[in-house]
Asks: 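Structure below; questions to follow.
Source: prediction; values computed, not measured. Lettering follows sequence order; numbering is per chain, from 1.
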Amino acid sequence: MHKEEDNPILKNLNPAQREAVVAVEGPILIIAGAGSGKTRVLTHKIAYLIDIGIPPQNILALTFTNKAAQVMKERIASLVNPEASKRIWAGTFHSIFARILRLEAHYLGYTSNFSIYDTEDSLNIIKRILQNYNVSNNKLNPDSVHHIISISKNKVLSPQDFIRNASNQTEKIIGEIYKEYQDYLQQNNAMDFDDLLVNTFELFSQFPEILEKYQNRFNFILVDEYQDTNRVQYLVLRQLSSKYRNITVVGDDAQSIYRWRGADIRNILDFQKDFPDVKIFRLEQNYRSTKCILAAADSVIKFNKKQIEKKLWTENPEGELIELYQCETEKDEANLVVKKIKELISGGEYSLGDIAIFYRTNAQSLEFENALRRENINYVVVGGLSFYKRKEVKDVLAYLRLLINPDDNEAFVRIINEPPRGIGKTTLTHLLNYSRENRISLFKSLEHLENIPNLQKRSITILEEFRNWIITTQEKLNEGIGTAEIINEYIKNSGLISMYEEIATDDAFDRLENIETLLSDIYEFLTQNENMTLNDYLQQISLISDIDEKNLSTEQVKMMTLHSAKGLEFPVVFIVGLEQGLFPLNRFRPKDLDDEEEERRLFYVGLTRAMKKVFLTYAKIRHRFGDELYQVPSKFISEIDRSLLLTFESENKTFRRPTTYSKETFVNSNNFNEFDQTEDGVLRIGDRVVHPFFGIGKVEHLEGSGNFAQALVNFESVGRKRLMLQYAKLKKL
DNA sequence: TGTAGTATCTTTTTT
DNA sequence: AGATACTACA
């Protein structure tokens, strides 16, 4: 025992943390509250494992982002020998599984240069399949079909299972589409994000000897953010750990925010069922936030019924009260936040890098960007339209994908007429038909141009030329020398660059710059890493997320969605857009209590990111699709213990034309706790109503109750308005 | 086949 | 309001 006390790896850990670290063998569940040193426990545990002689290459650490894995490796490197830290397998489920699948691809009928399709690719495929099905698009839109397929995969439900379980015609059709989609992916030698998980599960299920190989390799498995794993991730974890049973999972049910993409909170409960001998540790001391922030977060999360009982506490100071600002519009809100940021900076206590702005949807970032730019304040936006999602970047990547995996039809479709080279819709349709009928890829079908009906002479010449160009480039690439130069030449010959040079607008120059950045990024990757190939590059970037890329240690204000904020911490946090319908977000579908609880956890995550100070804001009026919406403060505001809140009205009101909605329309800011559950009157969805100012309209949605009851009314004269029934004086027709 | 003009949709959250 | 997708023409 005393020997362990001396171990530097165990110093600076509290008793609970230390116990969790030295519990080496068997299944271990760590329930770790926000800010309780979860990452610290994981890193120290891995360092400890290495310290007691476990070979680092036998350790597998699964994290939620690549960045978290990278941070973990760096910290381990500083605790033990840096060389050892490099040999740990650490990464996201997706990237680690992709790595395994590359090595074992042939077992599943893939080759190791398979493409990884992103959501956009998947949607394009589904759109095309839907067209062939000739179904009315309003019921089966690509997004929802894609979502259903994705959720099914995460539950390990095959197309055959899906069709068998179908209970109506629509489901049956979706099942057919799912099947066609899956066959198509296999033909393209491509996997989508979900396949990386499902196929790993299939690989291990079908080939026990492969499973055993990886069981033996990963003697010790550690999983971060366990509350956000889904069914298939859980199943693979169970497969991998079933031999040695050394698995440590860390999670906090209060921070589970990915139910919508299949995360299953039951994984924690099932974990205890599968491993009855599980040892459970609880980390309940928070080192991050002030007492005030913690109390506020606690008062909110108490409104959730489903949760594991735990009490988070801190020795940190009381801290300052949370400030709540009521703003006129979203512009006003952005201006207020910028004003507060300037005050924080001039106060001398904080710098720009200490400050973060969290919002519910990416679209909200725009106003803040504008306001910050006007005041010359440096900022960085995480997420939104990331570099690798830009059209011109994706086009270049598609050119490269086609070189590596010529069966990649999505890449082919993307670039065959980009820039325009005279292969239009008609020609492409002929090609697509031929390749579908003969079950070969588009690129392969170029070998049989003379057999393809209806092709014009001109098209044939162009396509032949295209095919030769790709093949010659592939041959050059296979020689393995001067890869970066070959790629530059190839992209130059594609005509993309000269196309943008000819357009010569500001936008086109931006795009050119992005292409240049990408090419030099590739150049650097290939020259810095001796034995890395273009294939490695493509794989790496397809699984990179925006948060992995962005440097958060800079002196800039950080802006991101609440989802991206998970796992991070900042001295000062702004949570904006706290309005009913926006946060909690609702999509005007039947109310789901679980949805609301998830939104509340998201708010909890936001609050608990803050170390010292929290600002909350909402706008009374928010513009959306050109409409003016009258907003109601988020119910979450009313759930914060009132003694912890200071409420303000934003002073810098922007000028607005007076309407019949004068001051009394809006909630008095002292009224937040009067939210109650009384019945919302006689108004029903579909009712036609008349309003003294807006005239006749139809009720499309109702929500809230008591003083907060509100209706979304579509008026004939002015379109959709969100109105508070208390003030709106609507008359039913 | 490419373009100009028009209709329609957009805003969840991410690997 | 602005961007994208679709349709009718050159």
Asks: Can you list the residues that meet the side chain to side chain contact (heavy atoms under 4.5 Å, CB included) rule with A/Asn66, with sequence neighbours excluded?
Replies: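 Side chain to side chain contact (heavy atoms under 4.5 Å, CB included) check on A/Asn66 returns A/Thr92, A/Ser95, A/Asp548.
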Asks: Please list each protein N or O that sits under 3.5 Å from an N or O in nucleotides 1-9 of chain C, with the distance.
Replies:
none

Asks: Measuring only between side-chain heavy atoms, which start at C-beta, is A/Tyr359 closer than 4.5 Å to A/Leu562?
Replies: no
Asks: Checking all strands, does A/Ser95 fall into the base, sugar-phosphate, or nothing category for heavy-atom contacts under 4.0 angstrom?
Replies: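 No contact at all - A/Ser95 keeps every heavy atom at 4.0 Å or more from the nucleic acid.
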Asks: For A/Leu602 and A/Gln456, find the nucleotide of DNA chain B closest to each by heavy atoms; which residue's nucleotide sits nearer the 5' end?
Replies: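 It is A/Gln456, whose closest nucleotide lies nearer the 5' terminus.
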Asks: Report which part of the nucleic acid A/Tyr258 touches: base, sugar-phosphate, or nothing (heavy-atom distance under 4.0 Å, all strands).
Replies: sugar-phosphate
Asks: Rounded to the nearest Å, what distance is computed from the CG atom of residue A/Leu455 to the C1' atom of nucleotide B/dT1?
Replies: 14 Å
Asks: Less than 5.5 Å between centroids and less than 30° between ring planes, does A/Trp260 satisfy that with B/dT12?
Replies: no
Asks: Assign A/Asp143 to base, sugar-phosphate, or nothing according to its heavy-atom contacts below 4.0 angstrom with the strands shown.
Replies: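 Result for A/Asp143 = nothing.
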Asks: Looking at every strand, decide which applies to A/Asn362 at a 4.0 Å heavy-atom threshold: base, sugar-phosphate, or nothing.
Replies: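 Sugar-phosphate, backbone atoms only, no base.
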Asks: Run through A/Asp408, A/Asp192, A/Asp195 and flag the one making a side-chain hydrogen bond (donor to acceptor under 3.5 Å, both in side chains) with A/Tyr117.
Replies: A/Asp408
Asks: Here's a test of your reading of the structure: between A/Thr426 and A/Leu543, which maps to the more 5' nucleotide of DNA chain B?
Replies: A/Thr426
